[in-house]
Amino acid sequence: MRNQLYLFNTLTRTKEKFTPIHPGRVGIYVCGPTVYSDVHLGNCRTFISFDLIYRYLLYLGFKVRYVRNITDAGHLEGDRDEGDDKFVKKAKLEQLEPMEIVQKYTLGFHDVMREFNTLSPSIEPTATGHISEQIEMIKEIISNGYAYEINGTVYFNVEKYNTEFPYGQLTNRKLEDLLEGTRELSGQDEKRGRLDFALWISAKPETLMKWNSPWGWGFPGWHIECSAMSSKYLGNTFDIHGGGMDLQATHHTNEIAQSQACNHTSPVNYWLHTNMLTVNGVRMSKSAGNGFLPGELFTGNHPLLDKGYSPMAVRFFMMQTHYRSTLDFSNEALRASEKGYRRIINGLVTLKTLVYQPESEVQDEKLNTEIERLCELCYAGMNDDFNSAIVIANLFNLLKYINSFSHKIIPLASLSETTFEKMKTTFIQFVEDILGLKEEKFYKPNLIDDLYDILLELYKGSKETKDYARVDFIRKRADAEGIIIKDTKEGVSWSYKE
RNA sequence: GGUCCUGUGGCCGAGUGGCUAGGCUGAGCUCUGCAAAAGCUCCUACUGCGGUUCGAAUCCGCACGGGACCUCCA
């Protein structure tokens, strides 16, 4: 394990040295998507950022249990603890069963995550699969005196909780300030406190997704699922909890309160929050309607896009920025990243072909030191709160040398074999294993067809100049690849060898 | 209104109390049949005004600009 990992803890608003609860093991929970519609690029950024974090923890040799949930129930529209569940609303719209919606968008989400080359979490629990755990937790919170039931709905008593624990700790806010930002309770409200939130919501007759509970038929509130599932799989106190910054004030604040009220302990040691993706300076969000779907981005089929950008170019684009900074989306920025990504990958391919051959030449002491230094800077970058931007900058610095070696501008033998190996493994591991970038050979869908066309043109040209040696060569090589080149009356074409 | 964050070169983006990240773009050079790639060089910034300091873009204050959260959202 290299040096020490530091990470920015939202709870303390400082960069802290990372010390896992159990040496060598890390438990991490990340709030996953609500699968009632397609994930947009902003959602993807969070998951890609945590993929980087997960990958680096693995790289450091930790045994990591990475839990990322799927929210497939109980997520209300609006803040009044009434009205339909998002899934039901969408289901009515699409004339589908709620679980059909869940299935459709869960699969879609997984496809997108795969395109972005993210590693799968260790456990991907669903809210609907953990209803009883949530009910048990709510029961415990009630019996501990932090929640009350009214007409089949259970509310968390924030003001009472706040007398013992700092409710607004995660966003550094006092209860009075929070209260100031909320509306007066109207006569329709049944909850007692303005900040109280629902743990369990009573079902209406038309509610489709409902479960029986001690408080009657209903469904769980949004926040309780994460508390229930994180404690189930990671314990009452675990190492890292992550999510987008937009979840900090409400969802995560409530999660802490629930877990504390239930388990009498603070649930998480390190809270990590990723920043937002913006479009023209404004946050990308579902409600703002400025979200890009990954598919639109890949194909370029969107009014704001000049062209399509490949998944790896987009991943690289995100990696060039630190996860806690906002990232502004523009064609110009994306184009720049696309080029940068290709340079890195070309370098990667080049590097893999480089073979060290010691020569009698004198080694360059300073060069060895410099290369070693650049390698160390990559580790230092990641250890400093997963600063992938620093890593990439230093990879480019290394790339300059890699290209110089490859072009024999600098003789490779001026490096010691140890330094060469270090450069090689550092570059390859950082690009592939940590940043999660891979060579996209054929992200251009028609590339192979186009290459056939080129081949056939060469073939035709060779026939015209009666270069039969070349003609035979092309045909033989194509045949070896399982492709038959045919001269027909209509012209030259090819088919698969039968 | 409340609570915060932020303002870096043509663009995107790191970072730090003094040792000028990096990428993209543009210009030039080397190499080169042409081209590409690659290497080298140049364009060298930190919103404005004060203050602290031997020294600040980096710390503090004020002003202005941008944004987030406080309501569903990664």
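Chain identifiers are assigned alphabetically (A, B, ...) following the order of the sequence lines, protein sequences preceding nucleic acid strands; residue numbering begins at 1 within each chain. Quick note: numbers below take in every heavy atom, side chains included, and nothing from hydrogens, waters or symmetry partners.
Classification of the A:Phe197-A:His223 ring pair by plane angle, with boundaries at 30° and 60°, yields perpendicular.
With C1' as the reference atom, B:C46 and B:C11 are 16 Å apart, rounded to whole Å. Separation of the P atoms belonging to B:C59 and B:G1 is 26 Å when rounded to the nearest angstrom. Using atom P as the reference point in both B:U3 and B:A45, the two lie 37 Å apart (nearest Å). Here, B:C29 and B:C43 have their C1' atoms 15 Å apart, quoted to the whole Å. Comparing the P positions of B:G18 and B:U25 gives an interatomic distance of 32 Å, to the nearest angstrom. Using P as the reference atom, B:U44 and B:U52 are 31 Å apart when rounded to the nearest Å. Remark: the separation of the P atoms in B:G48 and B:A37 is 37 Å, to the nearest Å. Rounded to the nearest Å, the gap between the C1' atom of B:G61 and that of B:G23 is 36 Å.
Here ring-ring contact (aromatic ring centres under 6.0 Å, His included) pairs that include residues 384-414 of chain A, with residues two or more places apart or in two chains, number zero. Each salt bridge (Lys or Arg N to Asp or Glu O under 4.0 Å) pair with one or both residues in residues 309-336 of chain A, not counting sequence neighbours, appears once here: A:Asp51-A:Arg315, A:Asp306-A:Arg335, A:Arg324-A:Asp385. Pairs engaging residues 6-17 of chain A under the salt bridge (Lys or Arg N to Asp or Glu O under 4.0 Å) rule: A:Lys15-A:Asp384 [sequence neighbours left out]. Note on residues 240-254 of chain A: pairs passing salt bridge (Lys or Arg N to Asp or Glu O under 4.0 Å), not counting sequence neighbours, are A:Asp246-A:Arg283.
For the contact set between residues 98-123 of chain A and RNA chain B, defined by any heavy atom under 4.0 Å, there are no members.
With 3.5 Å as the limit, one finds no donor-acceptor pair spanning the side chains of A:Thr10 and A:Gln248. No hydrogens or angles considered: a donor-acceptor pair under 3.5 Å links the side chains of A:Asn254 and A:Tyr167. Between the side chains of A:Asp433 and A:Tyr56, no donor-acceptor pair is found at a separation under 3.5 Å.
With the 3.5 Å cutoff on both pairing distances, Watson-Crick and G-U pairs in RNA chain B assemble into runs of at least 3 at B:1-7 with B:64-70, B:10-12 with B:22-24, B:26-30 with B:38-42, B:47-51 with B:59-63.
For the side chain to side chain donor-acceptor pair (under 3.5 Å) test, no residue two or more places apart in sequence or in another chain qualifies with A:Glu100. A:Asn331 pairs by the side chain to side chain donor-acceptor pair (under 3.5 Å) definition with A:Tyr309, not counting sequence neighbours. Legend: residues meeting side chain to side chain donor-acceptor pair (under 3.5 Å) with A:Asp111, ordered by chain and number and at least two apart, are A:Arg114. With sequence neighbours left out, A:Ser462 forms a side chain to side chain donor-acceptor pair (under 3.5 Å) with no residue at all.
Base contact: A:Met276 has a heavy atom under 4.0 Å from a base atom. Within the nucleic acid shown, A:Asp246 comes within 4.0 Å of at least one base atom, counting heavy atoms only. The residue A:Gly42 sits close to a base: some heavy atom pair falls under 4.0 Å. The residue A:Thr321 sits close only to the backbone: its heavy atoms come under 4.0 Å of sugar-phosphate atoms, none of a base. At the heavy-atom level, A:His251 lies nowhere under 4.0 Å from the strands shown. No contact: A:Gly381 has no heavy atom under 4.0 Å from any strand. Counting any heavy atom pair closer than 4.0 Å across all strands shown, A:Leu277 reaches a base atom.
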With B for base contact, S for sugar-phosphate-only contact and - for none (protein heavy atoms under 4.0 Å), nucleotides 15-36 of chain B reads S-----BSSSS-----------
Heavy-atom contacts, protein to nucleotides 2-8 of chain B, under 4.0 Å, summarised as B (base), S (sugar-phosphate only) or - (none) per nt, yield BS-----
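Aromatic rings from A:Tyr379 and A:Phe430 are positioned such that their centres are separated by under 6.0 Å.
Atom OH in A:Tyr401 sits about 17 Å away from atom P in B:A38, given to the nearest Å. Residue A:Asn69 contributes atom CG, which lies 10 Å from atom P of B:A74 at whole-angstrom precision. Following rounding to the nearest Å, A:Phe317 (CZ) and B:G13 (P) show an atom-to-atom distance of 7 Å.
Cation-pi geometry between A:Arg68 and A:Tyr29 is not met at under 6.0 angstrom from the ring centre and within 45 degrees of the axis.
Looking at A:Glu372 and A:Lys422, a side-chain N of the basic residue comes within less than 4.0 Å of a carboxylate O on the acidic one, giving a salt bridge.
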